[in-house]
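Here's the structure, in structure tokens; my notes come after.
Here the structure is a predicted model, which is why all the values come from computation and not from measurement. A note on names: the letters A, B, ... follow the listed sequences, proteins ahead of strands, and every chain is numbered from 1.
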Amino acid sequence: MLELQSIGKRFGAFELKDVSLTINDGEYFVLLGPSGVGKTVLMEIIAGLIRPDKGRILWDGEDITSRPPEARGFSVVYQDYALFGHLTVRRNVAYGPAAAGASAEKIRRQVAGLAEILRIEEILDRYPKSLSGGEQQRVALARALAVGPQLLLLDEPLSAVDVNTRLRLRKELKRINTELNVPVLHITHDPQEAITLGDRICVMLDSRIRQVGTAAELFHEPCEPDVARFLGMRNILPVNRVKGGVCFIDDRQIEAGAADETTTHIWIRPEEILISTEAFESSARNQFRCLVAEIEHHGSLPAVQVVSGAMSLTALITYRSFKELQIAVGAEVYITFKSSSVHCL
Amino acid sequence: MLELQSIGKRFGAFELKDVSLTINDGEYFVLLGPSGVGKTVLMEIIAGLIRPDKGRILWDGEDITSRPPEARGFSVVYQDYALFGHLTVRRNVAYGPAAAGASAEKIRRQVAGLAEILRIEEILDRYPKSLSGGEQQRVALARALAVGPQLLLLDEPLSAVDVNTRLRLRKELKRINTELNVPVLHITHDPQEAITLGDRICVMLDSRIRQVGTAAELFHEPCEPDVARFLGMRNILPVNRVKGGVCFIDDRQIEAGAADETTTHIWIRPEEILISTEAFESSARNQFRCLVAEIEHHGSLPAVQVVSGAMSLTALITYRSFKELQIAVGAEVYITFKSSSVHCL
Amino acid sequence: MANQRQIGWFNLVLALLGSCVILFVVAPLVGIVLATPASDLKAASVDREVLESIRLTLAAALFATVTSALVGVPFAYLLARKDFWGRSIVLAVIDLPIIIPHSAAGIALLTVIGRQSLIGRLFGRPLTGTTAGIAVAMAFVSIPFLINAAREAFGSVDTKLEKAARTLGAAPWRVFFTISLPLARRGILSGLVLMWARGISEFGAVVIVAYHPMTTPVMIFQRFNDYGLGAATSVAVLLILICVAIFIMLRVFLRPKAEEF
Amino acid sequence: MANQRQIGWFNLVLALLGSCVILFVVAPLVGIVLATPASDLKAASVDREVLESIRLTLAAALFATVTSALVGVPFAYLLARKDFWGRSIVLAVIDLPIIIPHSAAGIALLTVIGRQSLIGRLFGRPLTGTTAGIAVAMAFVSIPFLINAAREAFGSVDTKLEKAARTLGAAPWRVFFTISLPLARRGILSGLVLMWARGISEFGAVVIVAYHPMTTPVMIFQRFNDYGLGAATSVAVLLILICVAIFIMLRVFLRPKAEEF
């Protein structure tokens, strides 16, 4: 178990502030944040490549803050893989065991085993330069796993490969984590990736940790609007005041079952908003007449942006409804959503 | 109107093969393809920066193949903006008019006008280095527009900015295209971007043009499985044979209204597949008992991958149904889709 | 902790080796300054013969530099941008003066500008023993420094900037003067100063082309030969100080400023 | 088309300027070869005095290079990797020998290794007039080339590779020998050859430290002074050929091979 206690680090104008977090045994932990927020610095602090100005790092309760990287056993896979260009794939993978003084026979067996797991047997005698992005990625993983790491640190490992390879490698990473029972710290700027992979996700904004939790927790109860926005959520509305379960938002009132005095923002999932061409009676407590302001086609699900007075909301509907309702920019439509669909922040 | 006639270009192992296409007046034309496919080379051939080995380039019917870039009037916005670091924003924007010998007064007015349109008035006296990605992007656009271009060439203009800026800039690009009536050639590797922006989209794979059409045409009638796959479509199944509107796919038979002898692949939209925990009678002609193989959370819409024999399909359902149906990996479910939902390739 | 000490050892050994190098470079310079009484230095700095040689040296090197720049900088741009047939041979030829022994270079120059040479006959008299001859010798041995510096400076200018400028309607010559040259100016300027400094310090080629008029490096050699070490050191210190001043100028004023662009 | 011609003009002018530069560099070298009858060259190449001086020159320069490499290459690694206080001053100090006039450098070295110096008194006799003295003079003027080449070579090795190696369990010294040094080997090797070539061609500093034993650049100067141009050219051509051969070796064998990595 890795524990960071109030880690701080300053480089000129950049400052990492008071970072505390825990990575449990066998956990797939994702560090999610926009670029430039200090994720890589934090990773290098964990690896021992950068010394923090403040704070302590504990591994299974033991203070390892001043232990050099070669004695920590946390291996790093960098975004561009950082393969050793002057060595064959085989010798890249063997680098760690050789540095540890393993016997030639033991190294041979270890390389063979990892080559099988990661399906790189065919390329063991090639040089990194001649490999595709996906192959390089697997070699980098094999090299990192060859030392039998206590913790695997992955710095944006999927950002340099194309979409299809990325989907395949995601599964591979998760499989390694589960089968070899290695805890993983995975850095990414992509919320999708974090959701798909992370047992727990840590959202970092402005060099500070904002929220740690499972994907479900983050998406259902983001702790602040910044986090929600970063996660790509739409329909976050600031609330002026709340009275008896009704949120006052500029010139509109929205009924929200969960609203109380502490509510500052509400959030409505785009796919929980129903669009109709006529008003209708239903159990849903919120219904507004709107104008269609814009239609965006993301993949095959049209996102319809509607405005009602000063309030602007986006609804995600199926392509079929989109065609049946004949929605066009400027058309008058009704939106309907349940009071229980209104989430409070 | 720009016409490329059988353009070919070879650089060592790379070859651009027989490219012919037309960009109409005022059109927003998107060139879509994975990286390394030669999109930038093609753009530089259009700009006059690279001379093609073969083929002709016509502008309004006139052959401009051997005309140098400064005489074509097609301005380029590069991926990293390529702003002149030794000049202020103002002088960056004024570069083109100054090169054309415009009077100081005319340049002043032109810069002021564009600065207003692109909202860069505040930063006119700053140097590019001090600007954010989104600001640099707008300056690059202003500079390119200052020459009153015949055609605007954009090379991955949105790939270096963060998600929120990207969404804002997309609208800006579309607005410029519409309001100033400048035809745009926009290069991207992102199908989403192509769909959102393009009046017409040209899909380029393996240095060759595969299909040109509107977003709707591409998504409803992709001409070949490669194109469909690149567009991110799931559920493309190869058909063994077709008999009386029934497609034989390994050990399964799917009814498809549109299938005939020429059908080689069928394609089912993930959101047109219904998932239920029990079989039911309906007008939909295709129903299969399946096992849930995997659940992926992309944003807030879960993608459920199911297998029935050798057939694997993905269904996109709402988060609410997902919770109500209590779908878990390994569960038995039924999928149902209409014969008219089966698209033939 | 053992591992902590290991890091320390590694860097300590490197630092020790480094100190040896620094000492090796600094010791002779400190030595010569210590060996020169202030009075000798003062005497040298008002010696008309010395001052005249310094003036000659600076002027000849400046002339060599400016002339070379007018021809060499545009050529460096061509070398940075175009990949023509035989380019690597041309690059090698430009580097030749760096590795040719300077006394041999002086002899070689004599075959071109000496008494029997085409130029010698053309002008009616050889360039040997003239300021022009000195400048030619200086230019020959130092022009690679200018061209290489300018070529690298142009090479570090992103060609996309030039391409963008072309599409904005600028002809090639306009792109060169408004984009390439301003963006490469620091590198070119430091190449100019470097070439000037190399010209000033040239001894081997100059002493063969022109023993008179006497440049300062030649004068140091002559005084050492004719009057011994004592007579040479004060002039040597004076010249070293001038070169170090130019060098500091190069380092301090031409260092790329990170904050600008 | 008018615009097409414009591009042509621009490049044509640059190419013309380039031809002037090439001519300026090549003419003296062609001139000296043409001026030397084959018989003279043959005579020089069997002249025992000449051969002995060439042997001495190559050996002294080699000795200077190898010794400097053992100390300087690890130091270059430190300079490439660590950002310590005063680093830019250290970098400047290392470059000093490049800009100090070589005759002045020779005088400065005399104050350290000459008769009156500490080292002179320590050994009971000065290093002047010895092979060791020659090697010291060669090392002084050429060590910046080695250190800068090695520093740049190490600098171009991605530090992420070294970091990755550290996390794989390799101690700093192991990372240096298994990652940094092999990846920088081409740059270092070309720095070594460059330093060797610069040592061979050194004249100014060597002639002051040791007129005897006579290195080839000194012999060219001595023959020119004592017997005139004719006597000097054959030795000069011989030395130029040796230097050009080393130079071609540097260019052909040490060019980075694109296909490897």
**Asked** With L29(C), which of L96(D), T111(D), L109(D) fulfils side chain to side chain contact (heavy atoms under 4.5 Å, CB included)?
**Response** L96(D)

**Complete:** Residue from A236(D), G18(D), G31(D) scoring the most non-hydrogen pairs under 4.5 Å with chain C is G18(D)

**For chain D, the option from I107(C), T36(C), L17(C), V218(C) that forms the most heavy-atom pairs under 4.5 Å** = I107(C)

**Item:** Gap separating the NE2 atom of H102(D) from the NE2 atom of H102(C), nearest 0.5 angstrom
**Value:** 8.0 Å

**Request:** Against chain D, label I147(C) side chain, backbone, both or neither, depending on which of its atoms sit under 4.5 Å from a heavy atom there.
**Result:** side chain

**Request:** For residues I22(C) and F75(D), determine if any side-chain heavy atom of one lies less than 4.5 Å from a side-chain heavy atom of the other.
**Result:** yes

**Item:** Flag side-chain contact, heavy atom, 4.5 Å: L110(D) against F224(C)
**Value:** yes

**Message:** Looking at every non-hydrogen atom in both residues, tell me the closest pair between A104(D) and I32(C) and how far apart they are.
**Reply:** O-CD1, 4.3 Å

**Message:** Tell me whether the count of non-hydrogen atoms from other residues, nucleotides or ligands lying under 6.0 Å of CZ in F177(D) goes above 12.
**Reply:** no

**Prompt:** With respect to chain C, which residue among P101(D), A35(D), P217(D), A15(D) yields the maximal number of heavy-atom pairs within a distance under 4.5 Å?
**Reply:** P101(D)

**Toward chain C, the part of V237(D) with a non-hydrogen atom under 4.5 Å** = neither

**Asked** Relative to chain C, which segment of V26(D) carries a heavy atom at a distance below 4.5 Å: side chain, backbone, both, or neither?
**Response** side chain

**Message:** For a 4.5 angstrom cut-off between non-hydrogen side-chain atoms, does V25(C) reach P97(D)?
**Reply:** yes

**Asked** Can you say whether D95(D) sits under 4.5 Å from chain C via the side chain, the backbone, both, or neither, judging by heavy atoms?
**Response** both

**Request:** Enter the distance from I100(D):CD1 to I242(C):CD1 here, rounded to the nearest 0.5 Å.
**Result:** 12.5 Å

**Verdict with reasoning, V207(D) to F203(C), per side-chain contact (heavy atoms from CB on, under 4.5 Å)** = CA-CA 11 Å; V207(D) 76; F203(C) 167 59; 4.0 Å; yes

**Fill in**
Highest number of heavy-atom pairs under 4.5 Å with chain C among I99(D), V71(D), T216(D), I113(D) belongs to I99(D)

**Prompt:** Between F140(D), F176(D), F221(D), Y211(D), which residue shows the highest count of heavy-atom pairs closer than 4.5 Å to chain C?
**Reply:** F140(D)

**Gap between atom CG of L14(C) and atom CG of L79(D) - 0.5 Å precision** = 9.5 Å

**Engaged part of V136(D) at the chain C interface, taking heavy atoms whose separation is under 4.5 Å** = both

**Complete:** Applying a strict 4.5 Å limit to non-hydrogen atoms, the region of V33(C) in contact with chain D is neither

**Request:** Could you have a look at S103(D), C243(D), C20(D), A27(D) and say which one has the most heavy-atom pairs with chain C under 4.5 angstrom?
**Result:** S103(D)

**Prompt:** For A76(D), is it the side chain, the backbone, both, or neither that has a heavy atom closer than 4.5 Å to a heavy atom of chain C?
**Reply:** neither

**Complete:** Heavy-atom closest pair (F10(C) atom, P172(D) atom, distance to 0.1 Å) is CD2-CB, 3.6 Å

